[in-house]
A.B. asks: 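I have a structure I would like to understand better, so I am pasting it below and will then ask my questions one at a time.
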Amino acid sequence: MTISVYNTPFRKKQEFTPLTGNRVNMYACGVTVYDMSHIGHARSMIIFDVISRFIRSKGYDLTFVRNFTDVDDKIIARANELGTSYKEISERYIDEFQADMRTLKVQKADVEPKATEYMPQIIDMILRLEEKGFAYRADDGSVYYSVTKFRGYGSLSGRRTEEMLAGARVDIGELKRDPLDFALWKRSKEGEPWWESPWSRGRPGWHIECSAMSTSILGPTIDIHGGGRDLVFPHHENEIAQSEGTYGVPFVRYWVHNGFVTIDGEKMSKSLGNFLTIRDLVKDVHPEVLRLLLISQHYRSPINFSRDSLQASTQAMVRFYEVLDRVNRCPATAPENRLTPLTGTFLEDFDQALSDDFNTPRAIALLHDLTTVLNRTLDDSPAVTAADRDGVKGAFGKASEVLGILEEEPAGFLESVRRSGMSATGLGASEIEELISQRAAARKARDFGKADGIRDLLLSKGIQLKDTPEGTLWETL
RNA sequence: GGCGGCAUAGCCAAGUGGUAAGGCGACGGUCUGCAAAACCGUUAUUCACCGGUUCAAAUCCGGUUGCCGCCUCCA
């Protein structure tokens, strides 16, 4: 099944074919490291994580690059605020970011370049742009990109240069010729970090680093370039102008942009101050629940974060793990395979769903369908074959390989969900288990008053019992 | 103001020409000593509104209304 991808500049899905045989080059814009990452970053990282996992699972030879912007105005501002160096700030928040990604099971990219490690390449690219007449020097030693020199500027975002020029604001004190021109090289002020260059002691503008890192690692034309919707203009538009201006070949074949996480319907961002950090969230929420939540809506749509959506995702994860656990606990005494035909169908449908522009919501719906049909079969007769068990493992294993959920031992996951609610119950696991076995004994003796008394006692402490053919389970409410 | 996107049941949400996935919730049933869980069934003759194209439209085109994003740092 070939993959179709929604390509931003064309505003429609297109069949995906790599530029070179089986090789796929992908670049995703990473984060500017000046603060803790929030759930909006998590969404973007998880989406490109799933995309890269899926592309690999289809057998492509993928090289995935995700950068760090480790020098920029905000980092410098933060450093000054805290009386430290930009380097300390960026290194610290890169470490924090990496820790968050490990928690969220976001795989490391093949190359994770930092802007400051690519100064020669950045400077070289600006020199070439100068030679070709796309860049000009300002009086202060900064260098700007002349947007009107690049035909096709605005094609990604669907804007016309003339219209933008007409409506543009002009900042006082800027040394640009046109308001749309953007800095390739900025002369550093007193006390700011700088690098030696042909123009001035300064630092690169934000956009040039991605062009330089992308082309020097992956070549002048790459297959997939992605990032948040907010990067379409001007960031990605400027990257195109820079890279195509330098090399004269198409920069990116498929542009992929993800929608925002909103809170109460408003975009979450650092500047609005309405953001939830990943670190805070995973204190109470299992990382897989967070992953499921963030991929349960299509990547291009905005997703609203709420207590309700968190609750729904938790329930869904518990449902998946319970059926897995159920299959594990079933005796392997069935005379014939009943689950393997179901899991076989699932695998085909799952691939089809994700091949259609990475439709994770549909893939998750398929997991629900599979869960239902597995439960139904086991309700009918609670026995499996060894092949059934492997089939179920294979099906959920595929989901775990691609979506990065369901990677834990079912019993362990259910245990950790229980534990997250257990402090409120005032009981320990062993006490609960003891009460459950007392109840079982009472039921066996048909002393239902006592049995129900125990059940009510546990319920009053927030513990719900579930009697299954394979035994009694419990969960915290 | 310019550009772009979205509007599907009580809620969340798939679905880009062929007659409305999935989840949560609610209600009825099976199971159960009774419950819970699990399972079965019901819950949108209809996809913001108005026109148009078509044998056929939630899906395409035009218009209206509402919401959101970008245009300044932003995943």
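Residue numbering restarts at 1 for every chain, and letters A, B, ... go by the order of the sequence lines. Note that this is a predicted model, so its numbers are computed, not measured.
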A.B. asks: Should the pair A/E322-A/R319 be classified as a salt bridge under the 4.0 Å nitrogen-to-oxygen rule?
C.D. replies: no

A.B. asks: Partners of A/D379 by salt bridge (charged side-chain N to carboxylate O under 4.0 Å, His left out), sequence neighbours excluded?
C.D. replies: A/R326

A.B. asks: For B/A37 and B/C67, measure between their C1' atoms and round to the nearest Å.
C.D. replies: 40 Å

A.B. asks: Can you check nucleotides 65-68 of chain B for protein contacts, nitrogen or oxygen pairs under 3.5 Å, and list what you find?
C.D. replies:
none

A.B. asks: Among residues 222-236 of chain A, which residues get a heavy atom nearer than 4.0 Å to RNA chain B?
C.D. replies: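 Result for residues 222-236 of chain A: A/G227, A/G228, A/D230, A/L231, A/F233, sorted by number.
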
A.B. asks: Give the minimum heavy-atom separation between A/V147 and A/L180, together with the two atoms involved.
C.D. replies: CG2-O, 3.5 Å

A.B. asks: When the side chains of residues 310-317 of chain A are checked against the rest of the protein, which donor-acceptor pairs come out under 3.5 Å, sequence neighbours left out?
C.D. replies:
residue : atom : partner : partner atom : Å
A/S313  : OG   : A/S309  : O            : 3.1
A/T314  : OG1  : A/L310  : O            : 2.8

A.B. asks: Using a 4.0 Å heavy-atom cut-off to protein, can you give one letter per nucleotide of nucleotides 15-20 of chain B, 5' to 3': B if the base is in contact, S if only the sugar-phosphate is, - if neither?
C.D. replies: SS----

A.B. asks: Among all residues two or more places apart in sequence or in another chain, which pass the side-chain contact (heavy atoms from CB on, under 4.5 Å) test with A/L459?
C.D. replies: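 So A/L459 forms a side-chain contact (heavy atoms from CB on, under 4.5 Å) with A/Q464, A/L477.
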
A.B. asks: Using a cut-off of 4.0 Å on non-hydrogen atoms, how would the nucleic acid contact of A/V261 be classed: base, sugar-phosphate, or nothing?
C.D. replies: base

A.B. asks: Could you work out, with salt bridge (charged side-chain N to carboxylate O under 4.0 Å, His left out) as the rule, every residue matching A/D388, not counting sequence neighbours?
C.D. replies: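 Salt bridge (charged side-chain N to carboxylate O under 4.0 Å, His left out) list for A/D388, sorted by chain: empty.
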
A.B. asks: Rounded to whole angstrom units, what separation is found between the CZ atom of A/R160 and the C1' atom of B/C71?
C.D. replies: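 Taking CZ of A/R160 and C1' of B/C71, I get 16 Å after rounding.
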
A.B. asks: Could you list the residues that satisfy salt bridge (charged side-chain N to carboxylate O under 4.0 Å, His left out) with A/D178, not counting sequence neighbours?
C.D. replies: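 Residues passing salt bridge (charged side-chain N to carboxylate O under 4.0 Å, His left out) with A/D178: none at all.
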
A.B. asks: Over all strands shown, is A/S301 touching base, sugar-phosphate only, or nothing at heavy-atom distances under 4.0 angstrom?
C.D. replies: sugar-phosphate

A.B. asks: Taking only N and O in the side chain of A/R159, is any of them less than 4.0 Å away from OP1 or OP2 of B/G4?
C.D. replies: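 No, A/R159 has no side-chain N/O under 4.0 Å of OP1/OP2 on B/G4.
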
A.B. asks: What is the separation between atom CG on A/L374 and atom C1' on B/C39, rounded to the nearest whole Å?
C.D. replies: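 Nearest whole value for this atom pair: 13 Å.
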
A.B. asks: RNA chain B: A/F48 or A/A312, which has the more 5' nearest nucleotide?
C.D. replies: A/A312

A.B. asks: Write down the distance between CG (A/D357) and C1' (B/G5), rounded to a whole number of angstrom.
C.D. replies: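 Rounding to the nearest Å, CG of A/D357 and C1' of B/G5 are 15 Å apart.
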
A.B. asks: Taking only the side-chain heavy atoms of A/T372 (C-beta and beyond), determine which of B/G23, B/A14, B/A75 contains the nearest atom.
C.D. replies: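 Output: B/G23.
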
A.B. asks: Write out a two-atom table: protein N or O, nucleotide N or O from nucleotides 33-37 of chain B, distance below 3.5 Å.
C.D. replies:
residue : atom : partner : partner atom : Å
B/G33   : O6   : A/R443  : NE           : 3.2
B/G33   : N1   : A/D452  : OD1          : 2.9
B/G33   : N1   : A/D452  : OD2          : 3.4
B/G33   : N2   : A/D452  : OD2          : 2.4
B/C34   : O2   : A/R455  : NH2          : 2.7
B/C34   : N3   : A/R455  : NH1          : 2.7
B/C34   : N3   : A/R455  : NH2          : 3.3
B/C34   : N4   : A/R455  : NH1          : 3.4
B/A35   : N6   : A/D467  : OD2          : 2.6
B/A35   : N1   : A/D467  : OD2          : 2.9
B/A35   : N3   : A/R455  : NH1          : 2.8
B/A36   : O2'  : A/Q464  : OE1          : 2.9
B/A36   : N1   : A/D467  : N            : 3.2
B/A36   : N1   : A/D467  : O            : 2.6
B/A36   : N3   : A/D467  : N            : 3.4

A.B. asks: Please report, rounded to the nearest Å, how far the P atom of B/C12 is from the CD1 atom of A/I364.
C.D. replies: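 Going from A/I364 (CD1) to B/C12 (P), I get 17 Å.
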
A.B. asks: Which residues pass the ring-ring contact (aromatic ring centres under 6.0 Å, His included) test with A/F233, sequence neighbours left out?
C.D. replies: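 A/F233 satisfies ring-ring contact (aromatic ring centres under 6.0 Å, His included) with no residue once adjacent residues are dropped.
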
A.B. asks: Establish, yes or no, whether the cationic atom of A/R300 lies under 6.0 Å from the six-membered ring centre of A/Y6 and within 45° of the ring axis.
C.D. replies: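 Flagged: A/R300 positioned over aromatic ring of A/Y6.
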
A.B. asks: Find the partner of B/G41: check Watson-Crick (N1-N3 plus N6-O4 or O6-N4) and G-U wobble (N1-O2, O6-N3) distances, both under 3.5 Å, and reply none if neither fits.
C.D. replies: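 With both distances under 3.5 Å, B/G41 matches B/C27.
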
A.B. asks: Using the rule salt bridge (charged side-chain N to carboxylate O under 4.0 Å, His left out), only one of A/D447, A/D467, A/D452 pairs with A/R439; which is it?
C.D. replies: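 In the set A/D447, A/D467, A/D452, the residue that makes a salt bridge (charged side-chain N to carboxylate O under 4.0 Å, His left out) with A/R439 is A/D467.
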
A.B. asks: Once salt bridge (charged side-chain N to carboxylate O under 4.0 Å, His left out) is applied, do any residues pair with A/D95, and if so which ones, sequence neighbours excluded?
C.D. replies: none

A.B. asks: Between A/D49 and A/R291, is there a salt bridge with N-O shorter than 4.0 Å?
C.D. replies: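 Result for this pair is yes, salt bridge flagged.
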
A.B. asks: Relative to the 5' end of RNA chain B, which residue comes earlier, A/S44 or A/L366, by the nucleotide with the nearest heavy atom?
C.D. replies: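 Upstream on the strand: A/L366.
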
A.B. asks: Using the ring of A/W474 (Phe, Tyr or Trp, six-membered ring only), decide whether A/R418 places NZ or CZ under 6.0 Å from its centre and within 45 degrees of its axis.
C.D. replies: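 Yes; both conditions hold, so A/R418 lies above the ring face of A/W474.
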
A.B. asks: Categorize A/Q315 for me: base, sugar-phosphate, or nothing, with a 4.0 angstrom heavy-atom threshold over every strand shown.
C.D. replies: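 Sugar-phosphate: the residue A/Q315, judged by heavy atoms under 4.0 Å, touches backbone atoms but no base.
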
A.B. asks: Whole Å only: how far is the CG atom of A/D308 from the P atom of B/C24?
C.D. replies: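 Distance, rounded to whole Å: 14 Å.
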
A.B. asks: Does any residue of residues 102-114 of chain A have a heavy atom under 4.0 Å from RNA chain B, and if so, which ones, in number order?
C.D. replies: none

A.B. asks: Just N and O in the side chain of A/H368: are any of them under 4.0 Å from OP1 or OP2 of B/G22?
C.D. replies: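 The answer is no; no side-chain N or O of A/H368 sits under 4.0 Å from OP1 or OP2.
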
